[in-house]
Asker: 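First the structure, then my questions, so here it is.
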Amino acid sequence: MKSVHFIAMTALLTSCAGNSGKFNYPEAPSDSTVYEVFGMEVADPYRPLENDTAAATLAWVEAENALTQKYLSAIPFRKDIHKRLDALNRYSRQGAPWRGDDGKYYFSANDGSHNQAIIYRSETPGGEAEVFLDPNALSDDGTVALTGLFQSPDGKYTAYTISRSGSDWTEIFLLDTATGQLLDDHIEWAKFTGASWNGSDGFYYSAYPVPEAGKEFSNANEYHSVYYHKIGTPQSADTVVYHDPAKPLRFHSAETAHDGSALAIIGGGEGSGESVIIKDLRKPGASWVTIEPSQDFTNEIIGIVDGKIYMLTSVDAPSNRFVCVDPAKPDRKDWVEIIPQDADGAVLSSVNFAGKDHIIAVFDRDAAHTAYLYNIAGGAPVREIELPTYGTVAVSSDHSSDDVFYTFSSFVYPAAVYSYDIATGESKLFHSTEIEGFTPEDYITEQIFYTSADGTRVPMFIVRKKGVEANGKNPVYLYGYGGFNVTLNPGFNPNRLLWLENGGIYAQANLRGGAEYGEAWHQAGTKQNKLNVFNDFIAAAEYMIEQGWTTPELLTIEGGSNGGLLVGATVNLRPDLFKVAIPRVGVMDMMRYHLFTIGWNWAPDYGTVDDSPEMASYLLSYSPVHNIKNDGTPYPAILVTTADHDDRVVPAHSFKYAATLQASDTGNAPKLIRIDSKAGHGAGKPVAKVVDEYADIYSFIYQNLGIVPATAE
């Protein structure tokens, strides 16, 4: 077997596909597959790449990585970039503390030397801390990531969830909270779940049937069910407490009242929102009560207190409101409104209990956060929580304690932790973060509004070093997402600092399809409105050029996941507008995306080829892999990135896209693919792998812009 593999790889490395200039691209496994959709014939020559465990695919992956690494290794400043990125990432950071049910305070922290943050605990906020759980000890290379901690109501047990190599598959383990001793309980093949406790005897979790061996990261996931695990018993003894065999393409997650009085099931997957049902656990044989039957609206349970559900919802409020629902009177007309929809159009994005009498509400206002303290009874806000600048807020508080902490971060400001006094409204700096050799005050963040193709006004943040002028000579890094009701807030990324300190401009466009202005903004970028998203992104690039910030020869675009689709589709539409494109873990085959893992869950945003002839035709018209030009039109330099354990957007998307690019006549700029190992869609990636990836991305960008960064001078 080894000799066969060696021969195949050698053949791939010495072959050449398409008019690719000096690049001898590996020949991808292919066949003559053509399929029909509503009378349209669709060619799919790289269908064999969907089999990511086939010997031919593995050989192609190895050959592609060898080619990419050969190219990147020849870039003279790659090591300097890697060194600087490593320094930027190795800073000391700390999360906001939270009060556990055992009465102690927990927080995550990394002194900069670890791949994963460590969980600490102390008797008081800021007091002497001890290590509670160190995820770095769970693997030799940092590829096991801690994804959640869930303490029993009496604090006796702590369940924790992990992900291996970036996969969405979740495992659950159990600790004795006081001693930290690992118990025998172990849950496998869970997904999109935490552990929702029912007293201290056991917890609820969500899982799929055990997948077919060899297809764990590609086959469609169906029949998501809620299970109950009793402490001290094997997983095989766990009981199913909720499933819906008639609806295999739905998610089901559990939410319990802290006192164990009620169990709610939140359903998703077949709409843009969530359904909600609830059962009284104090009454044996109690029936499920339907709070919201459809999945057409956002319904996020903030808590279940005194038998009532407190919920953030978009029902009758496209920009969201906060309500209290009594299961004895579940009709919408009986929902009690605590925070109404904002009259000025700000989107209510999160709500946290702050003790028994207050709540803290965070709004998206033109894509940046504002925060307010309210009484639980509702009415006007007690006061606004003043924030330093455009930024993102994450609140740490709950119903059982008056302790309130929040983190604030922005493009050039790493997360700082503040304590908040409910009585006085005073915020005090609890923990600050500094990065050696980087001064945030040297940079400017501004928000502008530009006009898209149909006249829509779109916001965009522009970040640059003081002194950078609109002289048409600046490299610009344009980032976007535009989908799934996700808002791009001003967030911190240490890797971005390298770009900024070298005189580059970072631009972040808040495209339609996101949640920046509520459900109407979201819907304006979905299904047969998807072209709006691409036009918004193109208009952002044109704005940066028209305003004199840059030129197409200095413009880079990047996006991940749905943003990878954005980059792929936009390059096909306007290859002349960009010099470099970085589509990361992108959805590239719009005709077949719904057939893999949880791809079917994206149908409310994208539609599928099965919906109608019109929908199928629309998807085919922009599907990145199906619209790559093959007529000599020069494309930008493209570095595709994916990972072998990505079971969110399976690697086949990027494989087929890269193979098609390399086989097409798109000019002489490189079209390469970087395929990471023991990594997934992005979450939980160890710091070392993050540094490696960004070093490769920035090296590729600078090399193709013809710029030697000052970092390397």
Asker: Scan residues 699-710 for pairs that pass side-chain hydrogen bond (donor to acceptor under 3.5 Å, both in side chains), counting only residues two or more places apart or in two chains.
Answerer: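 Sorted pair list: Y71-N704.
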Asker: Considering residues at least two apart in sequence or located in another chain, which fulfil the side-chain hydrogen bond (donor to acceptor under 3.5 Å, both in side chains) criterion with H82?
Answerer: D692
Asker: Please confirm whether the ring centroid of F411 lies under 6.0 Å from the ring centroid of F492.
Answerer: no
Asker: Partners of R464 by side-chain hydrogen bond (donor to acceptor under 3.5 Å, both in side chains), sequence neighbours excluded?
Answerer: E446
Asker: Distance alone, cut at 3.5 Å: any donor-acceptor contact between the side chains of Y91 and E436?
Answerer: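 No pair is found: no donor N or O on one side chain lies under 3.5 Å from an acceptor on the other.
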Asker: Please work out whether the ring planes of W60 and F655 are parallel, tilted or perpendicular, with thresholds of 30° and 60°.
Answerer: perpendicular
Asker: Should the pair Y606 and F484 be assigned to parallel (<30°), tilted (30 to 60°) or perpendicular (>60°) ring geometry?
Answerer: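 Perpendicular, since the angle between the ring planes exceeds 60°.
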Asker: Among L500, I505, V468, which residue meets the side chain to side chain contact (heavy atoms under 4.5 Å, CB included) test with V463?
Answerer: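 So the option named by the test is L500.
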Asker: Show me the pairs that pass salt bridge (Lys or Arg N to Asp or Glu O under 4.0 Å) and involve residues 497-513, at least two apart or across chains.
Answerer: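 Listed by first then second residue: R84-E501, D454-R512, R512-D536.
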Asker: Please report whether the ring centroid of F438 lies less than 6.0 Å from that of Y443.
Answerer: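 Yes, close enough.
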Asker: With sequence neighbours excluded, what pairs up with N510 under the side-chain hydrogen bond (donor to acceptor under 3.5 Å, both in side chains) test?
Answerer: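 E516.
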Asker: Would you say that more than 12 heavy atoms from the other residues, nucleotides or ligands in this model lie under 6.0 Å from the CG of N471, or not?
Answerer: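 Atom CG in N471 is crowded, with more than 12 foreign heavy atoms closer than 6.0 Å.
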Asker: Inspect the contact between R78 and D696 and indicate whether a charged nitrogen and a carboxylate oxygen are less than 4.0 angstrom apart.
Answerer: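 A salt bridge links D696 with R78.
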Asker: With no hydrogens and no angle check, is any side-chain donor or acceptor of N489 less than 3.5 Å from a backbone partner on G491?
Answerer: no
Asker: Counting distance only, does the side-chain N/O of H522 pair as donor-acceptor with the main-chain N or O of G514 below 3.5 Å?
Answerer: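 Not a single qualifying donor-acceptor pair exists.
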Asker: Could you pull out all residues at least two apart from Y635 that satisfy side-chain hydrogen bond (donor to acceptor under 3.5 Å, both in side chains)?
Answerer: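 Per chain and number, Y635 pairs via side-chain hydrogen bond (donor to acceptor under 3.5 Å, both in side chains) with N572.
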